[in-house]
Amino acid sequence: MLTEPPEGCNANGMSLLKTGRIERVRVPLGNRSYDIVIGDNLLKDAAGFLQPLGLGRRCVVISDTNVAPLYGEMLCESLRSAGFEVSLLTVHAGEASKSLRQASRLLEKLPGLRLDRQSVVVALGGGVVGDLAGFVAATYLRGINFIQIPTSLLALVDSSVGGKTGVNLPQGKNLVGAFYQPRLVIADMATLKTLPKRELRSGFAEVIKYGAISDAAFFRWLERDYRRVLRLEGAAIRKAVRRCCELKAQVVSADEHESGLRAILNFGHTVGHAMEALVEYEGLLHGEAVAVGMCCAACLSVKRAGLKRADAVRLRALVKASGLPTQLGNRFAAAAMLEAMRLDKKARAGKVRFVLLKRLGATVLSDQVTDADVEEVLHVCR
Ligand code: NAD
Ligand code: GLY
């Protein structure tokens, strides 16, 4: 819970803080530290949160064709009323927009809008918009101010925090990018009301992940209260988002550039990424693939990391109860999955490293998992 207002927060921000309507999670990264401001209906007050940051007046909001019509005007109005010169740039919704071509199209618009080093890029949308806009902000003039306003659950709990920005190449996902931290993340729970339910569940897979890898008490709370979170009950969804942000902030501040600890965030992603690659990112959402991946990783953890079978069963039960898939189905052949895992950019010299659970809330990185182990687990989880 917030105990003190952000430095220099203006009247709007202050009144929200005083009424307890917002909470703040700090991401401690030295002189690149920033806050995640969490609350309801924050978009109309967005300018109040930006003002203390001492940003330039020119601002570009990047959003997509689903989110811009819902929230673009409200955000731009708030910024304009505080004296920002705002332009809204919209990209097609969907992963295809995370491309060098789209990034270049956006970048080429910025000189005409007279953006300079003090100017601001604001990402308003899900992870696609956040990654793309972040890459634009990181590369224009070698880096200008960047603000994240995540509107999908996945973006709220994961992609908006931690500074991974980037685009895809035809050869693979996220192959071009930069670590580039935002100056602020504005997490407005109210935007989740318009998020399609399937997208909400997909983001919930990442919420489960945080409990599984680093907080057993949070995991137990999710087992009890997942329905309230998925119904977007105020206190429950806020608690879930806040706890995930706190856990991610801890990991990122300890290992910003993923030289070690940050890899635990990839729990469930080894199998998940392979599934996504095999279907070429069509018809399977990221969180759905991660959900299956976590079930497989839990089975491997029983075999190789000492996870109690009963805890693997609990993980699977929570995934299933929240409406996420637990099984691969028949379209993912073991040989193709193994091949895709070796090509994943997180593999080292073709050797796949798995994030496994020692117990709920504690992980171990393992390169002891054999192909035979993987084949067995993929068979069991089919
Ligand atoms: P997304 O951005 O495509 O959003 C999902 C869909 O929901 C889109 O159609 C979008 O238009 C729509 N949408 C978003 N918010 C909405 C709202 N409030 N109301 C109505 N519709 C809304 O996908 P995502 O799941 O948010 O993010 C996936 C992307 O995030 C992938 O590209 C992935 O690589 C990336 N990612 C990045 C990181 C990171 O650390 N940078 C971490 C995880 C995932
Ligand atoms: N989503 C994984 C990370 O931010 O490292």
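Atoms within each ligand, like the ligands themselves, are counted from 1 in listed order.
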Subject >> Per-atom contacts, ligand 1 versus Val67 - under 4.0 Å to a heavy atom >> reply: 13 (N), 14 (C), 15 (N), 16 (C), 22 (C)
Original post:
To which protein heavy atom is atom 8 (C) of ligand 1 closest, and what is the distance rounded to 0.1 Å?
Top reply: Asn66 ND2, 4.0 Å
Original post:
What do the steps show when you test Arg183 against Arg32 for side chain to side chain contact (heavy atoms under 4.5 Å, CB included), and what is the final call?
Top reply: CA-CA 7 Å; Arg183 299 283 311 275; Arg32 287 169 296 105; over 6 Å; no
**OP:** Report the part of Leu192 in contact with ligand 1, treating N, CA, C, O as backbone and CB onward as side chain, heavy atoms under 4.0 Å; options are side chain, backbone, both, neither.
**Re:** neither
Subject >> Per-atom contacts, ligand 1 versus Thr151 - under 4.0 Å to a heavy atom >> reply: 14 (C), 15 (N), 16 (C), 17 (C), 18 (N)
Original post:
Heavy atoms, side chains only, cut-off 4.5 Å: are Lys164 and Glu258 in contact?
Top reply: yes
Original post:
Do other residues, nucleotides or ligands put more than 12 heavy atoms under 6.0 Å from the CZ atom of Arg57?
Top reply: yes
Original post:
Looking only at non-hydrogen atoms, which of Pro150, Ala68, Ser159 approaches atom 38 (C) of ligand 1 most closely?
Top reply: Ser159
Original post:
Lys248: heavy atom below 4.0 Å from ligand 2, yes or no?
Top reply: yes
**OP:** Before signing off on this row, confirm whether Thr191 and ligand 1 have an N or O atom pair separated by under 3.5 Å.
**Re:** yes
Original post:
Judging by distance only, is a nitrogen or oxygen of Gly125 under 3.5 angstrom from one on ligand 1?
Top reply: no
**OP:** Using distance alone, determine whether Asn266 and ligand 2 share an N or O pair under 3.5 Å.
**Re:** no
Original post:
Quick one: which ligand 1 atoms are inside 4.0 Å of a heavy atom on Glu95?
Top reply: 31 (C), 32 (O)
Subject >> Ligand-side contact atoms (ligand 1) for residue partner Asp64, heavy atom cut-off under 4.0 Å >> reply: 10 (C), 11 (O)
**OP:** Enumerate the atoms of ligand 2 whose separation from the nearest heavy atom of Glu258 is less than 4.0 angstrom.
**Re:** 5 (O)
**OP:** Take every heavy atom of Gly163, measure it against each atom of ligand 1, and state whether any distance is under 4.0 Å.
**Re:** no
Original post:
Relative to the heavy atoms of Lys98, which atoms of ligand 1 are at a distance of less than 4.0 Å?
Top reply: 31 (C), 32 (O), 33 (C), 34 (O), 35 (C)
Subject >> Arg309 atom CZ, neighbour heavy-atom count above 12 within 6.0 Å >> reply: no
Original post:
How about Ile208 and Ser322: do any of their side-chain heavy atoms sit closer than 4.5 Å?
Top reply: yes
Subject >> Lys164-ligand 1 polar pair, N/O distance under 3.5 Å >> reply: yes
Subject >> side-chain hydrogen bond (donor to acceptor under 3.5 Å, both in side chains) evaluation trace for Glu206 with His269 >> reply: CA-CA 10 Å; Glu206 301 283 359; His269 286 57; 3.3 Å; yes
**OP:** Give the atoms of ligand 1, by number and element, whose distance to some non-hydrogen atom of Asn174 is under 4.0 Å.
**Re:** 34 (O)
**OP:** Step by step, work out the side-chain hydrogen bond (donor to acceptor under 3.5 Å, both in side chains) result for Tyr180 and Thr139.
**Re:** CA-CA 9 Å; Tyr180 193 68; Thr139 47; over 6 Å; no
Original post:
Is it the case that Thr191 and Asp188 place a side-chain donor and acceptor less than 3.5 Å from each other?
Top reply: no
**OP:** Specify side chain, backbone, both or neither for Glu276, according to which of its non-hydrogen atoms lie closer than 4.0 Å to ligand 1.
**Re:** neither
Original post:
For ligand 1, which atoms have a heavy atom of Lys248 less than 4.0 angstrom away?
Top reply: 40 (O)
Original post:
Do the rings of Trp221 and Phe218 sit parallel, tilted or perpendicular, given the 30° and 60° boundaries?
Top reply: parallel
Original post:
Which option out of Val157, Val161, Val128 puts a heavy atom nearest to atom 2 (O) of ligand 1?
Top reply: Val128
**OP:** Identify the protein heavy atom lying closest to atom 21 (N) of ligand 1, giving its residue, its atom name and the separation to 0.1 Å.
**Re:** Pro196 CD, 3.8 Å
Subject >> Taking atom 35 (C) of ligand 1 as the reference point, the nearest protein heavy atom with its distance >> reply: Asp131 OD2, 3.4 Å
**OP:** Would you mind checking which non-hydrogen protein atom is closest to atom 4 (O) of ligand 1, with the distance to 0.1 Å?
**Re:** Gly126 CA, 4.2 Å
Original post:
Considering only protein heavy atoms, which is closest to atom 5 (O) of ligand 2, and at what distance to one decimal place?
Top reply: Arg262 NE, 2.7 Å
**OP:** Please write down residue, atom name and distance for the protein heavy atom closest to atom 26 (O) of ligand 1.
**Re:** Ser152 OG, 2.5 Å
Original post:
Who are the ring pair (Phe, Tyr, Trp, His ring centres under 6.0 Å) partners of His257, not counting sequence neighbours?
Top reply: Phe179
Original post:
Nearest protein heavy-atom contact for atom 33 (C) of ligand 1: which residue, which atom, what distance?
Top reply: Lys173 NZ, 3.5 Å
**OP:** Show which atoms of ligand 1 fall inside a sub-4.0 Å distance from at least one heavy-atom site of Leu70.
**Re:** 19 (N), 20 (C)
Original post:
How close does the nearest protein non-hydrogen atom get to atom 1 (N) of ligand 2, and which residue and atom is it?
Top reply: Asp158 OD1, 3.1 Å
Subject >> Heteroatom distance test (Leu154, ligand 1): nitrogen or oxygen, under 3.5 angstrom >> reply: no
**OP:** Please indicate whether Arg231 has more than 12 foreign heavy atoms, meaning atoms of other residues, nucleotides or ligands, lying under 6.0 Å from its CZ.
**Re:** yes
Original post:
What is the closest protein heavy atom to atom 23 (O) of ligand 1, and at what distance does it sit?
Top reply: Gly127 N, 4.1 Å
Subject >> Heavy-atom nearest neighbour of atom 17 (C) of ligand 1 within options Asp158, Asn168, Thr194, Val167 >> reply: Thr194
Subject >> Test item: Arg58 side-chain N/O and Val120 main-chain N/O as donor-acceptor pair under 3.5 Å >> reply: no
Original post:
Only one of Val128, Val91, Val176 forms a side chain to side chain contact (heavy atoms under 4.5 Å, CB included) with Lys98, so which one is it?
Top reply: Val128
**OP:** Verify, without hydrogens or angle tests, whether Gln118 (side chain) and Leu55 (backbone) share a donor-acceptor contact under 3.5 angstrom.
**Re:** no
Original post:
How many angstroms lie between CE in Met74 and CG in Leu42, if you round to the nearest 0.5 Å?
Top reply: 11.0 Å
Subject >> side-chain hydrogen bond (donor to acceptor under 3.5 Å, both in side chains) assessment of Ser104 paired with Glu108 >> reply: CA-CA 6 Å; Ser104 154; Glu108 285 170 24; 3.1 Å; yes
**OP:** Step through the shown structure and confirm whether more than 12 heavy atoms of other residues, nucleotides or ligands are within 6.0 Å of NZ on Lys173.
**Re:** yes
